[in-house]
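These notes concern the structure reproduced below.
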Amino acid sequence: MLVGLLALATLGSCSADGPGRPTASEPARDGVPDRVAPMAAATETSLAEDAELKMRAARITSTFENATLLIQYDYVENIGDGRGLTVGRAGFTSGTGDLLLFVRRYTELRPDNPLAAYLPALEAVNGTDSEEGLGGFAEAWHRESRRTEQRGLQDRLVDELYFEPAMRYSRKAGLRTPLGQAIMWDTMIQHGAGGEHGTKALVAETRASLPDATVDEGAWLRAFLDVRLRHLIRSYEGTPTEAEGASQSRVDALRSLVAAGKWSLQEPLVWEVYEEEFRLGG
């Protein structure tokens, strides 16, 4: 199933905790232009301060995770990545703790919800790819995801676990543009924060050769995406899935937005991922 292939690259847990400088003479990779459009000072806007731009960034990531511009609150699937069930708008998983955290928070909010019955099973399978005791969970999730309070909690937890840490990493790296911040947010969703292949490690590796993105944000992002792809490929060595190709396509989509100079996430935004074109505006 295509959606399973798209989402399989989610590496991180609920924890919120290099390449040479690209040059204009390097060849284009996979059809992505090597030269990048110049940046204007007016692009220095924070996603945290502009809800419309933040939603554009979220919809870009939604095409990577679920092959649609619509945020998929009701998504549930075992995508074969060793993390059990992957659910919701940002791919909370039963194997990495963030799904368990979500159900605990949701049960505090709505104690009689049908997901609460799965708390013992979620605690038991945390850290594994097992689905033991989770029969019927998908159906319960689908029903609850229609509720405004459940969707609202998904949004808040995505902010807490992924968006807010991404903004901190962006500030640390010197990323000033909505596009740079969107790439960091997408990285947090896919990689999580900690561990060998987490966002913290990727930022540190990039900064080892390009310490400050304020000098040339385009060059820094190109280097960062190179680092990210190398880590993705290494992380999926030995897996039976098509993760390497999916990871290449996702990174190339982000590279294309950098190359097009979409620093402000200004519409029209056009990108291709998994051999499908998506467009916002225009």
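Keep in mind that the numbers below use all heavy atoms, side chains included, and drop hydrogens, waters and symmetry copies. Keep in mind it's a predicted model, so treat the numbers as computed, not measured.
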> Can you check side-chain contact (heavy atoms from CB on, under 4.5 Å) on Glu131 and Ser94, steps first, answer last?
Replying inline: CA-CA 8 Å; Glu131 293 183 53; Ser94 58; 5.5 Å; no

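- Follow the hydrophobic side-chain contacts under 4.5 Å out from Trp263 and you reach Leu280 in the same cluster.
- In the model, Asn113 has no side-chain atom that pairs as donor or acceptor with a side-chain atom of Glu144 under 3.5 Å.
- Salt bridge status for Arg255 with Asp252: present, with a side-chain N to carboxylate O gap under 4.0 Å.
- Across Arg146, Gln154, Arg147, a single residue satisfies side chain to side chain donor-acceptor pair (under 3.5 Å) together with Gln150, and that is Gln154.
- Arg228 and Glu205 are not joined by a salt bridge, as no carboxylate oxygen comes within less than 4.0 angstrom of a charged side-chain nitrogen.
- Between the side chains of His231 and Arg234, at least one donor-acceptor pair of N or O atoms lies under 3.5 Å.
- Panel note: side chain Gln72, backbone Asn66; no donor-acceptor pair is recorded below 3.5 Å.
- Side-chain atoms of Gln190 and Asp186 form no donor-acceptor pair, as typed in the model, at a separation below 3.5 Å.
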> For Phe137 and Leu85, what are the C-alpha separation, side-chain angles and deciding distance, and is it a side-chain contact (heavy atoms from CB on, under 4.5 Å)?
Replying inline: CA-CA 9 Å; Phe137 181 88; Leu85 292 179; 3.8 Å; yes

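- Looking at Arg83, its side chain never comes within 3.5 Å of a backbone N or O of Gly95 through a donor-acceptor pair.
- Of all heavy-atom pairs between Tyr162 and Asp98, the closest is OH-OD2, 2.6 Å.
- A chain of hydrophobic side-chain contacts below 4.5 Å, direct or via other Ile, Leu, Val, Met, Phe, Trp or Tyr residues, connects Leu269 to Val273.
- No side-chain donor-acceptor contact under 3.5 Å links Ser264 to the backbone of Gln266.
- If you look at Trp141 and Phe102, their ring centroids are closer than 6.0 Å.
- Side chain of Tyr118 to backbone of Leu100: no donor-acceptor contact under 3.5 angstrom is found.
- Residues Ile71 and Ile189 are members of separate hydrophobic clusters, defined by side-chain heavy-atom contacts under 4.5 angstrom among Ile, Leu, Val, Met, Phe, Trp and Tyr.
- Looking only at distances, no side-chain donor or acceptor of Ser62 sits under 3.5 Å from a matching main-chain atom of Arg59.
- Annotation: side chain to side chain donor-acceptor pair (under 3.5 Å) contacts of Arg56 (sequence neighbours excluded): Glu52.
- Formation of a donor-acceptor pair under 3.5 Å by the His191 side chain with backbone atoms of His197 is found in this model.
- Tested against Val227, the residues Leu232, Leu202, Val203, Thr187 include a single side chain to side chain contact (heavy atoms under 4.5 Å, CB included) partner, Leu202.
- Between the Lys54 side chain and the Pro178 main chain, no donor and acceptor come within less than 3.5 Å of each other.
- Each of Ile60, Thr63, Val270, Thr68 was checked for a side chain to side chain contact (heavy atoms under 4.5 Å, CB included) with Phe278, and the lone residue meeting it is Thr63.
- Hydrophobic clustering of Ile, Leu, Val, Met, Phe, Trp and Tyr side chains at less than 4.5 Å, counting indirect connections, keeps Leu101 apart from Tyr73.
- Hydrophobic clustering (side-chain heavy atoms under 4.5 Å, transitive across Ile, Leu, Val, Met, Phe, Trp, Tyr) groups Val251 together with Tyr274.
- Side-chain N or O atoms of Thr61 include none that pairs as donor or acceptor with a backbone N or O of Ala58 at under 3.5 Å.
- At least one donor-acceptor pair under 3.5 Å links the side chain of Glu217 to the backbone N or O of Arg176.
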